[in-house]
Amino acid sequence: MGRLSVILLVFCMIGVPKILACRSLGSLPDAKTTRDDVPQLCRDEGILAYVDAPSSIYGHDLSDSIELALQGLIDSGCSDILSRFLCAAHFPRLDLVRYGVHNFDFYLRPCAEVCRAVWRDCRITARQLRIERTPEFDCKNFPSEKTDECLSYLYPPRDRPIIVNSTRHNATSVSILYAPPEKASMTETLRVRYNETLSWGQVGREIFQTISRSRSYSTLNITDLKSAGNYTFEVTALNNFGEGPKIFLDVPAFHNDIGTGCENITVQMCQSGIDYSQTAMPNSLGHWNQEDAGLEIHQFSTLVEVECSSYARTFLCAMSTPRCTTGPSSTLLPCRDLCVQARNGCEEFLIKYGFSWPEGLTCESLPSYDEGSDCYLGGAPVLEVWTDDQCEDIPVSWCRSALGYNQTAMPNSLGHQTVRDAELLLMTFTPVVQYGCSPHFSSFICSLFLPSCYSASVLPCRELCEEARNGCTEVLLEFGFPWPEQLACEDLPSHNDGATCYLGDFQPMQGTTNVTPAVKPRRYDTHNLGVPSLFRGWVDVQGQGAANDYCRVVANSGGYFLSCSLAGMEGAPTDLNYNSTGPWFDAGHMDTWYMMDVNEDGRDDYCRCIGCLPTTHVSCLLAGEGAFTAQTLDYDPVPGGCHYNTVNPYFGR
Ligand SMILES: *[C@@H]1O[C@H](CO)[C@@H](O)[C@H](O)[C@H]1NC(C)=O
Ligand SMILES: *[C@@H]1O[C@H](CO)[C@@H](O)[C@H](O)[C@H]1NC(C)=O
Ligand SMILES: *[C@@H]1O[C@H](CO)[C@@H](O)[C@H](O)[C@H]1NC(C)=O
Ligand SMILES: *[C@@H]1O[C@H](CO)[C@@H](O)[C@H](O)[C@H]1NC(C)=O
Ligand SMILES: *[C@@H]1O[C@H](CO)[C@@H](O)[C@H](O)[C@H]1NC(C)=O
Ligand SMILES: *[C@@H]1O[C@H](CO)[C@@H](O)[C@H](O)[C@H]1NC(C)=O
Ligand SMILES: *[C@@H]1O[C@H](CO)[C@@H](O)[C@H](O)[C@H]1NC(C)=O
Ligand SMILES: *[C@@H]1O[C@H](CO)[C@@H](O)[C@H](O)[C@H]1NC(C)=O
């Protein structure tokens with residue numbers, strides 16, 4: 001998508017809140033980095049100073065206090081927590097957990113009660129050593145424990161969390177019941193970590209729950225598990241000083257209740273390799289018993305043997321010996337999503353041997369998971385329901401009157417996936433349109449955001465853009481923003497050069513007829529839209545200055561690879577025109593991926609966060625001539641890694 005991509009960025013600054021990266025405890029924002037100019041005493045205790053913490057309430061440095069007066073007290077060992085107390089008093093602790101993990105603006109000092117306890121333990125020694133009560137022990141300067149805004153315990157949690165039990169409600173949801181922690185152990189927050197095995201690899205997940213101050217039994221709910229299988233949860237107690245001991249909790253796999261009309265599967269091919277063992281007859285292919293079903297499906301056993309798709313067996317079995325349920329229909333149809341996966345992998349193989357995809361197994365007649373149907377997904381990725389001819393009415397009234405068409409289709413060249421997304425940004429231009437700076441401003445901006453449903457690959461013409469820019473630059477300035485510098489009309493196809501583009505009512509003057517090749521049209525005959533949960537979108541890998549190549553992660557029998565359906569190749573026998581190379585493609589940690597031109601060759605490269613937790617880093621697979629090269633551009637790992645940082649897939653932020 002080259003330079004055009006920057007347009008969106010500028011628009012974002014105008015109207016739409018920027019996407020915030022998620023943060024976890026392991027990753028302090030940059031501004032919270034620590035200084036190391038603290039006394040050795042504190043470094044030994046692991047207590048550092050945050051750069052932007054409020055300045056010390058004392059008029060002196062802790063080092064001076066120690067040198068002038070306190071060294072004797074520290075050496076005497078009068079109190080176990082003297083050093084920690086002094087350090088935390090001088091260098092307030094960032095409140096990591098007490099008000100929830102996303103709060104990075106509270107700093108806490110020890111409670112007055114802690115101060116008094118330390119002084120109680122040390123005052124006799126102080127008297128003996130003739131040490132004055134220094135300002136550090138002026139305990140009324142500290143907040144009271146009653147306010148809840150101070151540290152009453154200066155160590156990491158002492159005790160492990162007490163888990164009473166756990167309940168697996170269903171495949172996606174688990175509740176963990178835990179007991180209130182002992183007061184003295186000062187656990188503030190529980191952290192639960194678990195590993196999620198996705199089809200392309202394993203990712204670590206983290207959930208935090210601030211412990212209720214009422215100190216009663218509480219539940220922690222995990223609601224988005226991806227598999228029905230066994231899970232191990234690592235549960236750790238945290239407070240502002242760090243983490244305490246952890247425990248591991250095993251939660252068993254979830255098993256569906258089995259209905260009454262159910263029988264054990266007897267079709268041999270379906271007795272293993274699928275995640276259920278009971279079926280009910282008749283099936284949707286019209287077989288009244290498993291023998292008939294078995295005979296029919298046996299014809300396709302070659303598909304399972306050649307492993308043309310890892311979903312072949314699951315799909316064939318889900319058709320012939322459907323999963324048995326308690327519901328009214330007693331069996332579940334396979335989802336269209338599962339069918340499509342099997343067909344994507346195996347249709348080519350069938351055709352090669354002179355067959356075609358069997359009529360009884362058409363995917364289109366099956367229910368789609370995305371439409372909310374009750375169907376058997378069999379672990380297949382969910383496909384968004386998206387058809388080529390899906391036209392929507394144009395929502396913005398001033399666009400309807402400016403454009404010569406009244407229906408649009410997404411995604412657009414700016415990468416918006418829904419009309420709503422485009423509409424939100426478009427609305428920020430309403431004042432400019434109302435101002436009436438150019439009769440062509442609205443048709444330019446509308447045709448860019450809301451391309452015609454029937455020629456969605458057509459961009460507005462350079463001449464239309466220039467006309468709008470000439471008229472509106474000054475008005476935009478009055479509204480407080482310049483004509484987005486990066487919205488270079490020069491990047492758009494030129495009508496005068498003979499390109500196909502959108503002009504609306506504008507009649508440009510004939511310029512030089514220096515004919516350069518037109519921007520190639522997008523392909524809309526792409527069958528394999530890619531794995532919905534991974535990267536997919538319109539980008540520019542050909543370096544044409546237009547986001548007209550459709551790239552996505554696709555599955556094949558060997559795993560995943562990245563492939564683009566290239567602009568200008570409509571009708572070609574394959575829509576996998578531009579592939580990632582090499583034996584192994586790593587899609588990256590979930591939602592950390594984006595495509596952007598990082599090496600300034602005009603082609604968008606595939607970047608994502610990879611590596612093992614917690615030392616992950618961003619690596620970009622460079623787009624080259626005809627394919628992604630095996631070459632990468634890697635960025636130095638940031639402290640704590642990048643895996644927690646979900647980004648916009650077109651901006652990398
Ligand atoms: C978990 O413990 C609570 C309280 O003791 C009890 O009500 C609940 O039935 C238990 N759940 C399981 C699955 O044992
Ligand atoms: C799983 O159980 C939870 C808690 O009972 C419930 O909120 C959720 O809707 C259930 N999900 C499904 C898919 O049944
Ligand atoms: C997750 O996987 C990592 C690496 O394989 C392992 O060290 C860690 O203990 C696992 N966590 C849990 C909760 O199983
Ligand atoms: C967890 O779910 C239970 C019901 O399943 C609910 O009563 C409880 O409030 C939830 N806890 C939290 C912290 O959301
Ligand atoms: C879950 O654990 C049980 C017992 O530990 C084991 O028998 C079962 O095979 C496991 N299930 C899966 C899907 O790994
Ligand atoms: C069905 O299979 C289960 C487990 O393999 C077995 O225990 C049960 O006896 C079988 N039922 C019938 C009717 O064969
Ligand atoms: C859209 O435009 C066509 C002709 O341009 C017209 O026939 C149709 O009625 C319009 N539809 C709507 C909803 O305005
Ligand atoms: C990309 O990979 C697919 C699947 O392996 C293959 O069919 C296709 O021909 C490849 N495309 C190119 C341009 O090599």
Side-chain angles (χ1 to χ4, degrees), residues 100-101 161 163-170 172-180 189-192 207-225 235 251 254-256 258-268 270-272 274-281 289-290 307-310 321 323-324 344-349 351-352 523 526-528 530-531 541-542 549-569 572-585 606 621 623-630:
V101 290
I163 308 276
V164 179
N165 63 28
S166 61
T167 311
R168 183 99 195 222
H169 301 293
N170 49 40
T172 58
S173 158
V174 165
S175 293
I176 298 174
L177 183 71
Y178 59 91
T189 288
L190 286 190
R191 179 185 65 201
V192 176
I207 291 170
F208 296 92
Q209 182 157 315
T210 306
I211 289 180
S212 145
R213 296 255 110 198
S214 69
R215 307 247 178 234
S216 59
Y217 286 78
S218 316
T219 42
L220 186 153
N221 300 324
I222 302 167
T223 53
D224 59 350
L225 300 177
V235 188
V251 175
F254 175 75
H255 297 289
N256 246 343
I258 300 300
T260 44
C262 302
E263 50 194 73
N264 287 349
I265 293 176
T266 58
V267 175
Q268 200 194 352
C270 301
Q271 281 178 320
S272 60
I274 58 171
D275 66 359
Y276 60 91
S277 59
Q278 297 209 311
T279 184
M281 290 285 128
N289 57 54
Q290 291 199 48
E307 290 178 348
C308 49
S309 160
S310 51
T321 56
R323 182 177 192 146
C324 179
N344 281 354
C346 296
E347 192 170 21
E348 209 175 316
F349 172 84
I351 290 170
K352 197 157 102 189
R523 285 190 71 171
T526 298
H527 289 296
N528 187 342
V531 181
V541 290
Q542 300 192 77
D549 304 312
Y550 182 78
C551 297
R552 73 300 203 198
V553 178
V554 295
N556 71 0
S557 53
Y560 285 115
F561 65 104
L562 182 64
S563 185
C564 307
S565 178
L566 292 183
M569 291 191 67
T574 173
D575 55 16
L576 305 171
N577 311 127
Y578 185 99
N579 296 339
S580 54
T581 47
W584 159 246
F585 169 73
Y606 181 82
L621 205 54
E625 186 74 42
F628 289 97
T629 63

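Predicted model only: the values in this text are computed from it and were never measured. Residue numbers count from 1 along this sequence. Each ligand, and each atom within it, is numbered from 1 in the order the structure gives.
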> Under 4.0 Å from any heavy atom of Phe561, which atoms of ligand 8 are there?
Replying inline: 2 (O), 4 (C)

> Can you name the residues that form a side chain to side chain donor-acceptor pair (under 3.5 Å) with Gln290, not counting sequence neighbours?
Replying inline: Glu263, Thr266

> Under 4.5 Å between any side-chain heavy atoms of Arg552 and Asp575, yes or no?
Replying inline: yes

>> Testing the basics here: between Thr279 and Thr321, what is the closest heavy-atom pair and its distance to 0.1 Å?
In response: OG1-C, 3.1 Å

> Looking at Asn577, which atoms of ligand 8 are within less than 4.0 Å of one of its heavy atoms?
Replying inline: 13 (C)

> Hey, is Leu576 touching ligand 8 through its side chain, its backbone, both or neither, going by heavy atoms under 4.0 Å?
Replying inline: both

>> So, using side chain to side chain donor-acceptor pair (under 3.5 Å) as the criterion, who are the partners of Asn289 when residues are at least two apart?
In response: none

> Would you say the side chain of Cys564 lies within less than 4.5 Å of the side chain of Phe628, judging by non-hydrogen atoms?
Replying inline: yes

> So which protein residues pack against ligand 6 under 4.0 Å, heavy atoms counted?
Replying inline: Asn264

> What are the two closest heavy atoms between Leu225 and Ser173, and how far apart are they?
Replying inline: CD1-N, 4.4 Å

>> Holding to salt bridge (Lys or Arg N to Asp or Glu O under 4.0 Å), I want the full list of residues that pass it with Arg523, two or more places apart in sequence or in another chain.
In response: Asp525

>> Out of all atoms in ligand 4, which are within 4.0 Å of some heavy atom of Asn221? Include the element for each.
In response: 1 (C), 2 (O), 3 (C), 8 (C), 10 (C), 11 (N), 12 (C), 14 (O)

> Taking side chain as C-beta onward, heavy atoms only, is Tyr178 less than 4.5 Å from Val235?
Replying inline: no

> Mind checking whether Asn579 has an N or O less than 3.5 Å away from an N or O of ligand 8?
Replying inline: yes

